[in-house]
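Reminder, nothing fancy here: chain letters follow the sequence lines and each chain counts from 1. Any value given below was found using the heavy atoms of this structure, including those in side chains, with hydrogens, waters and symmetry copies removed. Here the structure is a predicted model, which means the values were calculated and not measured.
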Amino acid sequence: MTPGSSYLRRMLDSDLIWQFRQAPAAMLAAAVLVLMMICAVAAPLIAPHTPFDPGTLNLMDSRLPPAWVDGGSATYLLGTDEQGRDVLSTIFYGMRISLAVGVAAVLLSVTIGVTLGLIAGWFGGWIDAVIMRMGDVQLSFPTIMIAFFIDGIAKAVMPPDLREMTRFSVVILAIGLADWVQFARTVRAATMIEKNKDYTAAARLSQVSSLKIVFAHILPNTLGPVIILATLGLGVAILTEAILSFLGLGMPPTQPSLGALIRVGNDLLLSGEWWISMFPGLALVLLVLSVNIFGDWLRNALNPRLK
Amino acid sequence: MVAVIVSARDLGRSFDASAPLIQRLLTRAPRLTVRAVDGVSFDVTEGTTFAIVGESGCGKSTVTRLVAGLDTPTDGEVQRLGRMGQPLRTQMVFQDPVGSLNPRWRVGRSIAEPMPLSMDAAARFARVSELLETVGLVAADVAKFPHEFSGGQRQRIAIARALAAEADLLLLDEPTSALDVSVQAQVLNLLKDLQERLGLTYLFISHNLAVVRFMADRLAIMYLGRLVEEGPAERLFQAPAHPYTRQLLDTVPDVANPRRNREPLAIDIPSPLNLPPGCTFHPRCPLATDLCRRVVPELRSRPDGTRIACHAVTDEVVS
Ligand SMILES: Nc1ncnc2c1ncn2[C@@H]1O[C@H](COP(=O)(O)OP(=O)(O)OP(=O)(O)O)[C@@H](O)[C@H]1O
Ligand SMILES: [Mg+2]
């Protein structure tokens, strides 16, 4: 048996997988999540239409209702929007952007939070105090306000022709910077515990450098809770992006996320074209709900104290 | 040649044991300090075993951490004199086998950690396997994680790691207290053997007097942070002079002379937070006088090569 396959077997036999099999809600959530991720990643391949290629759009087909409603067409399963774009396809592409922004923003928060948490926990003293007070101050503002703020600064400092191009990065930056505190707190607490353990002392006696102790010894021992928080944070990040986009501060209509799609459809809701905002809205709810259910399960499964 | 490689000079270490500031302000409680170690001086000679014995909480682990340089003394200093101007290489076997290995590292990696970076992977692997066998485990254990071992096995892994560096000084903080008797004998024999072969120096902490008798060349008896008696181990075992040493030795079964007169060890150990004035041992001491209740006895040398901190014991060598 190769080491790879035995590793895989060990993983499949593990307690976590066993617990997973006992949790139908978590399994369903994970299945939905995987399906949505496939749709998002493979959108160019599996979307029935190419909604962002103006050449393929036909204004004659605009505002068509879903296929099962009177006047609907089988070519556009969930109907079309006012530019004649296929709603189902825009949802695939929208999920792609929502997920990409969410994942990138969480990775940014994790990177900032883990780094600052390690620094605060390892050095302690005034360095710790400064970092954690910064976090306290930040936490006393709602995340969305910080995202607004960063977004506003970016708009102010950037020349107009760059704004559109850098939308994606600015949104990621705004959400990522707003959410590092929880990671920093968790990692700081774990670091303060781990740095006083004897294995760290043993490493010091072996002349291992502080940097290596922090990265090779302490960091891996702080990552468990970070993974849980990151999963739950993904749901928050996707929602924050949706809110920003809905308010017109997030992704532009040329690169719409789920939130931007809802915004576009929202204007048409009162004139009866409910499907243009309803379906992206449902997709958003389903996405965030499955992320949260899976994250909750992960937290319970990995944290023995909650069992 | 007698070379001192570690010299503790008047070592002291106090810990702040106060309640949190707010609580202290509310209850008007004063600051509290624990004097875990106070005025401890000793020399460790190269190639020998220096043992420290004392009850739980008397400050043995604190002394070890100070000697290792893992903690800084609040008073006095530790002189660490490496061979020929080299820094003294120290390794330690920690009292608690749970925290002493990184739970996310395979034990092979932990054992290899002290090895020089210049060593190549094959040589490391060979050495790790050899060390695992030396401490009575098998080479296949390299790829396991600490949670796959018992406490005693982990302690042996920690010993293997301490040996990996070929350090000059090994600090052994109750290295065998988590082991069962047969493994304990095995590990102690191993340590003795390695000392003879490699000329290692040990600072050995234990509360097990039988183990200490087997290992120690010199012995220090510690009571509430202070040394009360120190000297060649044989001498202390044969003719303990300090009342505390005498009581301590009485708690081990005396096979040679079972009908020796025994005084029971008083139970009320004073708290290190609230040390009695004068000699800290006086509440339990059968020889205590008025002087003992007022004046702290200094550790003084006696003609037979031992040192003692006691007002009641005179310098005439007790028979
Ligand atoms: N970090 C610390 N903070 C506060 N007090 C401490 C700290 N470390 C040790 N102490 C106190 O110092 C005293 C001596 O502790 P130490 O661990 O050195 O004892 P010990 O002789 O090793 O005991 P044992 O045989 O139980 O291991 C104890 O009263 C302990 O409570
Ligand atoms: Mg101890």
Side-chain angles (χ1 to χ4, degrees), chain A residues 1-11 13-16 114 118 121-125 128-129 132 186-187 189-228 302-304, chain B residues 61 64-72 80 86-107 109-117 119 143-148 154-155 157-171 173-175 203:
Chain A
M1 197 163 55
T2 65
S5 83
S6 83
Y7 198 76
L8 193 70
R9 165 156 316 166
R10 273 237 300 270
M11 216 180 81
D13 282 347
S14 77
D15 196 33
L16 200 65
V114 168
L118 283 173
W122 179 259
F123 290 105
D128 177 32
M132 294 331 283
T186 311
V187 169
T191 302
M192 296 200 329
I193 293 170
E194 298 300 322
K195 81 167 176 186
N196 286 321
K197 288 207 176 149
D198 287 340
Y199 70 80
T200 319
R204 275 198 278 159
L205 287 180
S206 299
Q207 318 296 329
V208 179
S209 69
S210 298
L211 203 66
K212 206 167 162 192
I213 292 179
V214 169
F215 282 103
H217 276 299
I218 293 182
L219 179 62
N221 280 298
T222 63
L223 285 185
V226 168
I227 290 169
I228 298 167
L302 292 181
N303 189 344
Chain B
S61 294
T64 325
R65 299 181 77 86
L66 291 171
V67 169
L70 291 171
D71 192 6
T72 28
R80 298 148 57 78
Q86 298 280 318
L88 186 74
R89 288 171 309 164
T90 312
Q91 285 288 317
M92 183 157 172
V93 175
F94 296 88
Q95 183 170 10
D96 170 22
V98 175
S100 71
L101 296 169
N102 186 335
R104 302 205 177 255
W105 280 26
R106 292 172 196 278
V107 300
R109 188 173 174 200
S110 287
I111 294 174
E113 184 175 50
M115 293 180 189
L117 293 172
M119 220 163 152
K144 292 189 185 161
F145 286 96
H147 70 84
E148 297 175 60
R154 272 183 245 178
Q155 196 69 309
I157 293 164
I159 292 173
R161 173 180 59 192
L163 295 174
E166 294 176 353
D168 308 313
L169 174 68
L170 244 56
L171 305 169
D173 192 354
E174 311 239 14
L203 177 67

Which members of residues 205-214 of chain A, sorted by number, sit under 4.5 angstrom from chain B on a heavy-atom basis?
A:Leu205, A:Ser206, A:Val208, A:Lys212

Side chain from CB out, backbone as N, CA, C, O: work out which of these in B:Arg161 comes under 4.5 Å of a heavy atom of chain A, or both, or neither.
side chain

Side chain to side chain contact (heavy atoms under 4.5 Å, CB included) with A:Tyr199: of B:Ser110, B:Pro103, B:Ser100, B:Pro146, only one passes, and it is B:Pro103

Quick check on B:Leu70 against chain A: is it the side chain, the backbone, both or neither that has a heavy atom closer than 4.5 Å?
both

If one checks every heavy atom of B:Leu171 against chain A at 4.5 Å, the contacting part turns out to be neither

Value for CG (B:Asn102) from NZ (A:Lys197), rounded to nearest 0.5 Å, stands at 9.0 Å

Considering all heavy atoms of both residues, which atom of B:Glu113 and which atom of A:Ala203 are nearest to each other, and what is their separation?
OE2-CB, 3.5 Å

Could B:Arg65 and A:Asp198 be called an ion pair, given the rule that one side-chain N must be under 4.0 Å from one carboxylate O?
yes

Proximity breakdown for B:Ala165 and chain A, heavy-atom pairs closer than 4.5 Å:
neither

